[in-house]
*Asks:* 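Next up is a structure, given as structure tokens.
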2 protein chains.
Amino acid sequence: MTKFVYLFREADGKDKAKFGGKGANLAEMTKLGMPVPPGFTITTEACTAYYKDGKKINSEINEEIFKTLAILEKETDKKFGSIENPFLVSVRSGARASMPGMMDTILNLGLNDISVEGLARLTDNPRFAYDCYRRFIQMYSDVVIGIGKNFFEKIIDDLKLSRGVKLDTDLKTEDLKELVSRFKAFYKKSQGQEFPQDPKVQLVGAVEAVFRSWDNPRANVYRRMNNIPSDWGTAVNVQSMVFGNMGDTSGTGVAFTRNPSTGEKKLYGEYLMNAQGEDVVAGIRTPSTIDHLKVTNAEVYNQFVEIANKLEKYFHDMQDMEFTIERGKLYMLQTRNGKRTAQAAVRVAVELVEEGLCSQKEALLKIEPKQLDDLLHPTFSASELKKWSPIASGLPASPGAASGKIAFSAEEAKIRTQAGEKVVLVRLETSPEDIEGMHCSEGILTARGGLTSHAAVVARGMGTCCVSGCGELIINEEEKTLTVNGKKYGPDDVISIDGSTGNIYAGTIPTVNAEISGHFRTIMDWANATRTLKVRANADNPKDAKTAYEFGAQGIGLCRTEHMFFEETRIKSVREMIIADTEEARRKALAKLLPMQREDFIGIYKEMKGNPVTIRFLDPPLHEFLPHKDTEMVELAKDLGVSFEKVKETVESLKESNPMLGHRGCRLAVTFPEIAEMQTRAVIEAAIAVNKEGGNVKAEIMIPLVGEVKELAFVKGVVVETAEKVMKEAGTKVEYSVGTMIEIPRAAITADKIATEADFFSFGTNDLTQMTFGFSRDDAGKFLPFYYGKRIFESDPFQRLDVNGVGELVKLASEKGRATNPKIKLGICGEHGGDPYTIEFCHSIGLNYVSCSPFRVPIAILAAAQAAINSSK
Amino acid sequence: MTKFVYLFREADGKDKAKFGGKGANLAEMTKLGMPVPPGFTITTEACTAYYKDGKKINSEINEEIFKTLAILEKETDKKFGSIENPFLVSVRSGARASMPGMMDTILNLGLNDISVEGLARLTDNPRFAYDCYRRFIQMYSDVVIGIGKNFFEKIIDDLKLSRGVKLDTDLKTEDLKELVSRFKAFYKKSQGQEFPQDPKVQLVGAVEAVFRSWDNPRANVYRRMNNIPSDWGTAVNVQSMVFGNMGDTSGTGVAFTRNPSTGEKKLYGEYLMNAQGEDVVAGIRTPSTIDHLKVTNAEVYNQFVEIANKLEKYFHDMQDMEFTIERGKLYMLQTRNGKRTAQAAVRVAVELVEEGLCSQKEALLKIEPKQLDDLLHPTFSASELKKWSPIASGLPASPGAASGKIAFSAEEAKIRTQAGEKVVLVRLETSPEDIEGMHCSEGILTARGGLTSHAAVVARGMGTCCVSGCGELIINEEEKTLTVNGKKYGPDDVISIDGSTGNIYAGTIPTVNAEISGHFRTIMDWANATRTLKVRANADNPKDAKTAYEFGAQGIGLCRTEHMFFEETRIKSVREMIIADTEEARRKALAKLLPMQREDFIGIYKEMKGNPVTIRFLDPPLHEFLPHKDTEMVELAKDLGVSFEKVKETVESLKESNPMLGHRGCRLAVTFPEIAEMQTRAVIEAAIAVNKEGGNVKAEIMIPLVGEVKELAFVKGVVVETAEKVMKEAGTKVEYSVGTMIEIPRAAITADKIATEADFFSFGTNDLTQMTFGFSRDDAGKFLPFYYGKRIFESDPFQRLDVNGVGELVKLASEKGRATNPKIKLGICGEHGGDPYTIEFCHSIGLNYVSCSPFRVPIAILAAAQAAINSSK
């Protein structure tokens, strides 16, 4: 029989899949003899069972919970619902991966009309006891029953009004008793039954609520964003309550063993005296720094420092801990590997190695590759910044620099960014409901909350710039105004925030690009020494090629030539070519494009300094280059000296019912080989020119959208013939190869045949995903939300390679390609090329390289290193 | 070293791949001791080499040709270019599969200024010799050099004018000599060199021309239509000339051992005295029947009959023979299995078995399955026909009945049928250039030519109704008029032709459908006893279901429910559902559709009499059901009692950039499960109703466009829940299963997972082809012609399954599906389901059934039988 409930001391602290991160670490701390309030963990398997049983906790598990509870009651000599020594617990979620703030928690469970008296006696503090009780009713009603908090807030406000007081703290014990009775009356009125007095009923309700919260909308969004499978489920931790709000010798706090923002090796944290945990995280009161505790309670401080050091050594990583001090006694409530900024992540990783706490490879695994993105974000130009004075200053909660118009709610931020605006989200404080709006904002600014407030934690996780706790701000969310020092700013005003200094500016400040140096450089060096997968970049112009090269790209994996065609000076010749009726007229227009295209390639070759450059020939359907409004067509007709009807007719004739499945890719080269000829000439002539100046160009010509080997053979014929002709004309040779993009299912299926004509395959996973799934990215928006809602899909297949379907095709094509052409070079150049999960897959199937956008190159380098490390384990 | 040239007596008559059909059979006849003029065959491998060597005959092959020629010269005691005994040859193509009239032939080769004199002396007929010479110059210039025949015709016309004569036959020997000299002068002027006098040069030129003609446009079109691979190549047969035009004791003819139109066992053919072969085939003079030969030359006739009988027994099949009589002596120039009408094909096959000439299985293999289509064609209703009098009568050249407006050229026929008209092509005579226009016409009517004329042969091959040689017609192709008995008909007049009687009518005559009886029934019975693959039909209504059942379908493989939605009485409710904003409003509209949909299913179930019926749930994107013009939207808004803006908004919101890859198929059921609920209810309620009346319904619910198993699981959940509910309501059970269409590449790739939720897979090869190739059928028209032109594709992948790509996916999915669900039923329901080549593939990978349009069921039955026979060989 499966065991579903484990005391902390029984649980296997290494098994996060079963006990969740929180439960596993509580077990570890318990075994390390640390002061952990006793409790037990209900496993993630129980959560899975809950869903399998139609959202019910079955009797087996129920029985186990109460059997384990009885052991705890006995050991603590406390009892559920007792007036003598009431047993109170917290009930918290704890998934395998940390999902901060996404799921539900209930504190003070076990209070009822009797045990509240016990608590009052025990603490000799009836006001405290009744305050706990009314909070519990409120929390339980919200989380377990789903009665909104605002109903209870209204009751509190009414009472305060009738008592003529303003603050909650001004309410007396009798007032709180009155509140409890009004709360219970409201509960009964709304639910048709009494507020549950039986703590066992409360407990089952709370456990169910936590299980249920695994499936709430914000948890689902978070999981999708972080690629957490929905079938993992959450564990539930039931733990004896300790109280940080038992008076002035009690308190609660959170701390990191190192600075999560900079990585500096120094205990870093905050606490609030006379408060419960939620008060710190919610950021309503501004807390004291952990250093201050040394002054007020050196003994506890020292004990905490010792524990912190011990935990860091034990887990070989920076720890993020929650603690409570109850009447002067320290309790550890949680420890976990701390979330950190990218800057901190690289510093901590390097220093852990320097301190001998872990190996280079272990250190590389500690950094979330996607996070490096933050280090590549622009910062405000130092020279520009000198010219500006901040209008206010808050806490530097998440580094980076952001400018944007002010959005006063998450919803507004979402709508305005969808409409193409850049916004900074400005809020009193943020809450878990805001997550989507936070995600799409350039930056986040809050008036309340510390460095560990919701806004700060979430922003760091997202790599979004954030300034928190800026008390100078007067925010009126309803009127949509932000007032600082008497000056009002509205939704149309731009502000800039600096997440590294906490400064806030009115207006747009220019930014400068990042570079790789210091700890980041060290990490990149280690990663480069470790990985076997090559990393290239997708770049269409010399500027992007330069960035890519500086970030460590070992070549260009995808240079899209059509992007060059859209430039204003060129589009006319492109259009002239499309409107042309004869091959001769087309050749005339192409001749005008040739020198420009050649110059593009010269620039890119030079930046890549002898690394291979894969140039993809013209891909999009020709109608994309033509205007679609009559007025523009009139203009174009005049420009080209042809009739409007002629232009209109061409535009009409090029319309397609399914452009994605139309006349594009190599189909263009089959119908108009002269285009491929011109492009080949540009590629080869540019290579000759650069080689003349001492270059060593490796040009790779990539034929797109091939589905049949004879297609490739035909276009390759044109390419080779032209290339040989150009080299003969110049009396010199250059190194070039011809390959194809594998982006059509049939190409993957017949890869053995196609490989006989190809020097390389580059998997174009964007189109391959669309065609393999049979839906277009543009149209899928209408039904994908339903697919996520019904858990048919768990992640966006355009972000993360669908390993079971599209990945299977990639694997098949790789095997088939290598079978007939063992020397074939294999790479991936879709947007997936920068996704760490996809990179791990590419490594596992033995591709030669991945290619991604220049700013993702360092991410890909680290991901490739991690893949190499993980696969050699 | 490969041998490329074989004397007829050396060649292997069984190896058609190497020697071509004509060459192989010449070899067989030679070995059988029949009077075949001596000659040799240049193999198809030489043709392949010719193309490989850049369209050049290499020196090895050249040498071999002349070495073999020398042997022939010695054996015949004739010499190339000799004045004493000139050696003249014909040079003819001969591919593995018969491609009548598609490639080139040159006669009288070897004539020059000297040998023409030799021929004159030898035949004692200078006029004949010079006529041969001028014909040869004309033919050589046309076929080898590419100088159009019309230039030479002009020279002849000029000469006739100056001589004051009207007919070619009125030209005297001196005139012909003059013509030869004018032809040669024109040749020199146009080519800058003399007409080649060296017969060896002539021969090489002619052989190259035949090789080249393998790749001419009409041969390519023919191959594509008949699925003949372009890499087979053609052989060349070089044969001593015999002359059917040496006077009144000479002649030439063609004959069949049985009647190719009816299959009757009786020698059937035609000949012309004093003519060359081309004269018979071209249909310029109307020939005598073969029976007439008995009267004029009983000895030759008897010899020919004996040879014909011997050949039929030797080849176990009806023979189509060409012969020449030179001065009373019979020569056999060709024999091959004769092309025949479908009616003849089934009769011949059955009678060959009855005569003990072959087994049932061999007989089944003699019928081209696609040809059966002709037997399923409608004929004129006998009762209607009584009311009509023919306006004229010609030869019954190809059976069937056709009505249509008159098209006076192949080009016109093409254009008008593309515009949606039905036309009958009316021509003096047809030529190979007309092939595409003949293909798209309802029927073909010619004024000249016999039953073996070009029009007759090609029409029979195509299964198109044809009346030929109707001399009463006065056709003016330029003025586009047809005059019969003084009455004029133009392009807007409809005529009807009866290919079985040769009658021509003015106006449209109603037709009746075919039924399976007689020899056809026998063939179907043999096929049914032989095949293992089941055959179902695609039918969306009771009428089609009835036809399918009568033709032998063993179930419905695809019933498309959306077709029912388009009916005028229903479309309003469908639109109401689409415009609805809420689930409730949608359910209201669906409730109106339920009884209609149920009635459809009841009708279909009844017709299928207990055979399985696969019902595909709603598939197309919803915008297909909405109007797209503003005026129609105004109408609809009024109808539904909503605002125009509301309708317009819905129409706009449903627009998609790639509808094929959009919100359709099971994606509709995921977003609007209530549609699937309604359809399930209709399926099950209909089954309950039919079973109540003693039916035994096997309903198969098919979920379209599945790409991921969870999609299917979700929709299946809705289906099963609804079905169980409906059955519980009715207090009865019905047999139903749930499966999916495999039409998305990802479904094929993940078929092992999908099979765990599916009772059956039906391969939707239309969409699967589009998605696997990455092009849409609607858009591919722009580039596919180039693909055919460049031989990248050899057949239309929408007609014939692409076995290497799409077929590979089908095979993979079948294997994966069976691996996880060994009981899974596998079928195909795309349009490919009726293609014999595809059916053979389906048999080979072990599918359970194919499903095709009702009229293709007999074809599929025969093809399935052939597949079973071939695979057991």
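Note that this is a predicted model, so its numbers are computed, not measured.
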*Asks:* For A:Pro797, is it the side chain, the backbone, both, or neither that has a heavy atom closer than 4.5 Å to a heavy atom of chain B?
*Replies:* neither
*Asks:* Count the heavy-atom pairs under 4.5 Å between each of B:Ile744, B:Val806, B:Asp779 and chain A, then report the option with the highest count.
*Replies:* B:Asp779
*Asks:* With under 30° as parallel and over 60° as perpendicular, where do the rings of A:Phe798 and A:Phe775 fit, or are they tilted in between?
*Replies:* perpendicular
*Asks:* May I ask you to check if A:Arg224 and A:Tyr788 form a cation-pi contact, with NZ or CZ under 6.0 angstrom from the six-membered ring centre and within 45° of the axis?
*Replies:*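 Pair A:Arg224/A:Tyr788 counts as cation-pi.
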*Asks:* Looking only at heavy atoms, what is the nearest atom pair of B:Gln679 and B:Leu618, with distance?
*Replies:* OE1-N, 2.9 Å
*Asks:* Identify whether the distance between the nearest side-chain nitrogen and carboxylate oxygen of A:Glu721 and A:Lys725 falls below 4.0 Å.
*Replies:* no
*Asks:* Check each atom of A:Glu708 against the heavy atoms of chain B and say whether the ones under 4.5 Å are side chain, backbone, both or neither.
*Replies:* side chain
*Asks:* Look at the aromatic rings of B:Phe773 and B:Phe793 and report parallel, tilted or perpendicular, splitting at 30° and 60°.
*Replies:*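 Plane angle over 60°, so perpendicular.
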*Asks:* As an exercise: rank A:Met660, A:Glu808, A:Lys782, A:Arg667 by heavy-atom pairs under 4.5 Å with chain B and give me the winner.
*Replies:* A:Arg667
*Asks:* Is it true that A:Asp231 and A:Arg791 have a side-chain N and a carboxylate O under 4.0 angstrom from each other?
*Replies:*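 Here A:Asp231 does not pair with A:Arg791 in a salt bridge, since their nearest N and O are not under 4.0 Å apart.
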*Asks:* What residue in A:Ser653, A:Ala780, A:Ser657 has the most heavy-atom pairs under 4.5 Å with chain B?
*Replies:*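 Most heavy-atom pairs within the cutoff with chain B belong to A:Ser657.
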*Asks:* Using non-hydrogen atoms only, which part of A:Asp767 is less than 4.5 Å away from chain B: side chain, backbone, both, or neither?
*Replies:* neither
*Asks:* Can you tell me which portion of A:Lys655 sits under 4.5 Å from chain B's heavy atoms? Options are side chain, backbone, both or neither.
*Replies:* backbone
*Asks:* Could A:Glu711 and B:Lys790 be called an ion pair, given the rule that one side-chain N must be under 4.0 Å from one carboxylate O?
*Replies:*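 B:Lys790 and A:Glu711: not salt-bridged.
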*Asks:* Taking every heavy-atom pair that is under 4.5 Å apart, which of B:Leu668, B:Val709, B:Val670 has the most such pairs with chain A?
*Replies:* B:Val670
*Asks:* What class does the angle between the rings of B:His623 and B:His628 fall in, given that below 30° is parallel, 30 to 60° is tilted and above 60° is perpendicular?
*Replies:*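 Ring orientation of B:His623 relative to B:His628: perpendicular.
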*Asks:* Chain A heavy atoms under 4.5 Å from B:Leu654: which part of the residue, side chain, backbone, both or neither?
*Replies:* backbone
*Asks:* Under 4.5 Å from any heavy atom of chain A, what part of B:Thr750 do you find: side chain, backbone, both or neither?
*Replies:*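 The side chain, not the backbone.
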*Asks:* Find the one option among A:Arg746, A:Arg777, A:Met771, A:Lys710 whose heavy-atom pairs under 4.5 Å with chain B are most numerous.
*Replies:* A:Arg746
*Asks:* Report which part of B:Pro673 has an atom under 4.5 Å of a heavy atom belonging to chain A: side chain, backbone, both, or neither.
*Replies:* side chain
